[in-house]
Amino acid sequence: MYWFCLVSLILFSQLWSCPAAPSSPAPLDPRSIPQGEVQCPSSCLLLVYNNESMSEEGLVMTSRDLNPDYYEARRAGNAVQHYINTLYGSPFRLYSVTQVHKARTEAMADTGMKYFLEFSVKDWVGESSEWHGSVEVLYPRGETQAPPQVQGSWGGLPQLNISAKEQEFYQRYSAADSTVSGKDIPDSYGNIDREMKPFWHLARVAASFVMLNESNENTLYNMAQVAKITQLETQDDQLRFDYEVLLHNMVSQEIIRWKLLVSWSPAGGVKVLETELLPRCHCKSPTQ
């Protein structure tokens with residue numbers, strides 16, 4: 001009798017076998033099932049989507065933990081970095097997310113994908129101490145692309161006193177005889193002249209506005225180079241600069257050129273007044 005039951009159980013399991021659980025669970029879309037195939041029985045679906053919970057509206061929301069060193073967690077951390085720099089960046093303050101400690105993602109029905117992060121950040125220009133925080137990043141879904149929405153509390157964010165440096169920089173370059181221009185920052189060897197470093201930092205902050213706005217779940221942006229910078233006439237007590245920056249999408253390996261009109265003052269902070277996506281260029285290798 002024992003062997004009869006065992007054989008029967010094995011045969012039953014073979015007849016009702018389920019597909020292997022996907023490594024990245026997602027809500028089942030009936031349209032994705034090829035004709036001629038049938039959906040797995042509901043008992044199997046419970047095994048495949050064992051991390052699902054139901055919202056108040058009865059819609060399925062999947063949740064899973066992420067390896068904080070993997071691309072998905074780093075991409076969300078990158079969006080947080082850009083967001084913080086749009087709020088607090090300056091020619092003498094530039095934040096970098098140094099590590100993602102924990103990461104979890106949740107599919108919010110038709111709203112989008114939300115990431116929950118615990119991370120460390122520091123001002124690497126002022127070499128501040130690291131600050132640990134938590135944040136939520138929502139990548140919206142829709143017919144048109146929308147930037148990620150970042151929600152967090154920044155009360156403990158390290159902000160070193162840079163007032164004296166900012167005032168000295170502002171007074172120097174608001175004078176009519178101290179306009180600046182330059183190109184290829186850093187140069188092909190990675191060098192940045194000391195006098196140009198504040199302009200490089202300012203470009204990084206300004207580019208953060210663009211990189212955040214252009215980010216989605218298929219991008220990972222970093223600013224590679226300032227191709228050109230030209231200081232314009234000061235208006236309304238704001239220093240103004242024309243930048244051409246090269247952004248590197250590390251997913252597609254594209255180099256994308258943007259033209260930015262940027263203003264800054266110690267009181268007004270960084271503002272990106274105009275943006276223009278420039279035609280793609282074909283970069284030559286150093287040996288050509």
Side-chain angles (χ1 to χ4, degrees), residues 78-97 121 123-126 128 145-150 154 157-186 192-215 221-248 255-279:
N78 210 42
V80 174
Q81 175 177 298
H82 297 326
Y83 180 77
I84 294 175
N85 280 321
T86 64
L87 296 178
Y88 303 108
S90 99
F92 298 94
R93 179 183 291 133
L94 190 63
Y95 288 99
S96 175
V97 171
V121 64
D123 171 10
W124 65 267
V125 176
S128 70
Q145 178 180 316
Q149 301 171 10
V150 181
W154 318 109
L157 196 68
Q159 296 188 53
L160 302 179
N161 189 343
I162 56 175
S163 298
K165 292 180 179 179
E166 288 188 332
Q167 287 294 337
E168 180 183 357
F169 181 80
Y170 177 79
Q171 293 298 330
R172 175 178 177 181
Y173 289 100
S174 59
D177 58 347
S178 296
T179 57
V180 68
S181 63
K183 64 179 182 177
D184 298 336
I185 307 168
I192 302 177
D193 186 84
R194 182 178 178 180
E195 294 293 319
M196 299 303 294
K197 283 187 176 181
F199 300 101
W200 161 258
H201 301 153
L202 180 60
R204 287 285 299 266
V205 175
S208 292
F209 286 85
V210 175
M211 291 188 285
L212 180 64
N213 191 64
E214 295 295 312
S215 290
Y221 286 111
N222 186 38
M223 194 185 84
Q225 189 181 51
V226 173
K228 297 177 184 177
I229 173 179
T230 303
Q231 184 176 357
L232 306 177
E233 183 181 353
T234 300
Q235 286 187 1
D236 300 324
D237 298 325
Q238 304 289 309
L239 299 182
R240 297 192 311 141
F241 304 91
D242 253 338
Y243 277 103
E244 183 180 317
V245 298
L246 305 184
L247 305 185
H248 179 204
I255 298 295
I256 306 170
R257 297 191 302 155
W258 283 85
K259 184 178 180 181
L260 311 177
L261 176 58
V262 180
S263 70
W264 175 83
S265 71
V270 180
K271 291 183 175 62
V272 179
L273 306 178
E274 296 177 10
T275 64
E276 180 185 353
L277 177 62
L278 299 176

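Remember, it's a predicted structure, so these values are computed and weren't measured experimentally.
- Proximity of Tyr83 to Pro148: side-chain heavy atoms (C-beta onward) are nowhere separated by under 4.5 Å.
- Contact of the Thr275 side chain with the Asn213 side chain is not registered, since no non-hydrogen atoms from C-beta on lie closer than 4.5 Å.
- Between the side chain of Gln145 and the main chain of Glu214, a donor-acceptor pair closer than 3.5 Å is present.
- Taking CG from Leu212 and CG from Asn78, the interatomic distance works out to 10.0 Å, rounded to the nearest 0.5 Å.
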Practice problem: Please lay out, stage by stage, how Leu87 and Leu157 fare under the test side-chain contact (heavy atoms from CB on, under 4.5 Å). | Solution: CA-CA 11 Å; Leu87 296 178; Leu157 196 68; over 6 Å; no

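- Between the His201 side chain and the Pro91 main chain, a donor and an acceptor come within less than 3.5 Å of each other.
- Here the CH2 atom belonging to Trp200 is positioned 3.5 Å from the CE atom belonging to Met223, to the nearest 0.5 angstrom.
- At least one donor-acceptor pair under 3.5 Å links the side chain of Arg240 to the backbone N or O of Glu233.
- Listed for the Asn222 side chain is no donor-acceptor partner under 3.5 Å among the backbone atoms of Ala224.
- Here the side chains of Asn85 and Arg204 are not in contact, with every heavy-atom distance at 4.5 Å or above.
- Using modelled atom types, one side-chain atom of Gln81 and one backbone atom of Val97 make a donor-acceptor pair closer than 3.5 Å.
- With sequence neighbours left out, Arg194 forms a salt bridge (charged side-chain N to carboxylate O under 4.0 Å, His left out) with no residue at all.
- The shortest heavy-atom contact between Ala203 and Val226 is CB-CG2, 3.5 Å.
- When side chains are defined from C-beta on, Ser90 counts as touching Ile162, because their heavy atoms get closer than 4.5 Å.
- Every residue meeting the ring-ring contact (aromatic ring centres under 6.0 Å, His included) condition with Tyr173, not counting sequence neighbours, appears here in chain and number order: Phe169, Phe199.
- Using a distance-only test at 3.5 Å, with no hydrogens or angles considered, no donor-acceptor pair links the side chain of Arg93 to the main chain of Val125.
- Note that the OH atom of Tyr243 and the CG atom of Leu261 stand 11.5 Å from one another [nearest 0.5 Å].
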Practice problem: Take Leu239 and Ser174, measure what side-chain contact (heavy atoms from CB on, under 4.5 Å) needs, and give me the verdict at the end. | Solution: CA-CA 6 Å; Leu239 299 182; Ser174 59; 3.9 Å; yes

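- Applying side chain to side chain contact (heavy atoms under 4.5 Å, CB included) to Ile256 and the options Val245, Leu277, Leu246 leaves one that passes, Leu277.
- Looking at heavy atoms from C-beta onward, Val205 lies out of side-chain contact with Thr86 at the 4.5 angstrom threshold.
- Looking at Trp264 and Tyr170, their side chains come closer than 4.5 Å, going by heavy atoms from C-beta outward.
- Residues Ser128 and Leu160 have side chains in contact (heavy-atom distance under 4.5 Å, counting atoms from C-beta outward).
- The CG atom of Asp242 sits 8.0 Å away from the CD atom of Glu274 when rounded to the nearest 0.5 Å.
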Quiz prompt | Evaluation steps, side-chain contact (heavy atoms from CB on, under 4.5 Å), between Val210 and Tyr221 | solution = CA-CA 10 Å; Val210 175; Tyr221 286 111; over 6 Å; no

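- One finds the CG atom of Asn161 at 9.0 Å from the CD atom of Glu166 (value rounded to the nearest 0.5 Å).
- Counting only heavy atoms from C-beta outward, the side chains of Met196 and Ile229 approach each other to under 4.5 Å.
- For the atom pair CG (Asp123) and CZ (Phe92), the distance works out to 12.0 Å, reported to the nearest 0.5 Å.
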Practice problem: Begin from the C-alpha positions of Ser265 and Asp237 and carry the test side-chain contact (heavy atoms from CB on, under 4.5 Å) through to its verdict. | Solution: CA-CA 7 Å; Ser265 71; Asp237 298 325; 5.9 Å; no

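- The salt bridge (charged side-chain N to carboxylate O under 4.0 Å, His left out) search around Glu276 returns none, not counting sequence neighbours.
- A donor-acceptor distance shorter than 3.5 angstrom exists from the side chain of Asp193 to the backbone of Glu195, with no hydrogens or angles considered.
- The backbone N or O of Pro186 lies less than 3.5 Å from a partner atom in the side chain of Gln225, making a donor-acceptor pair.
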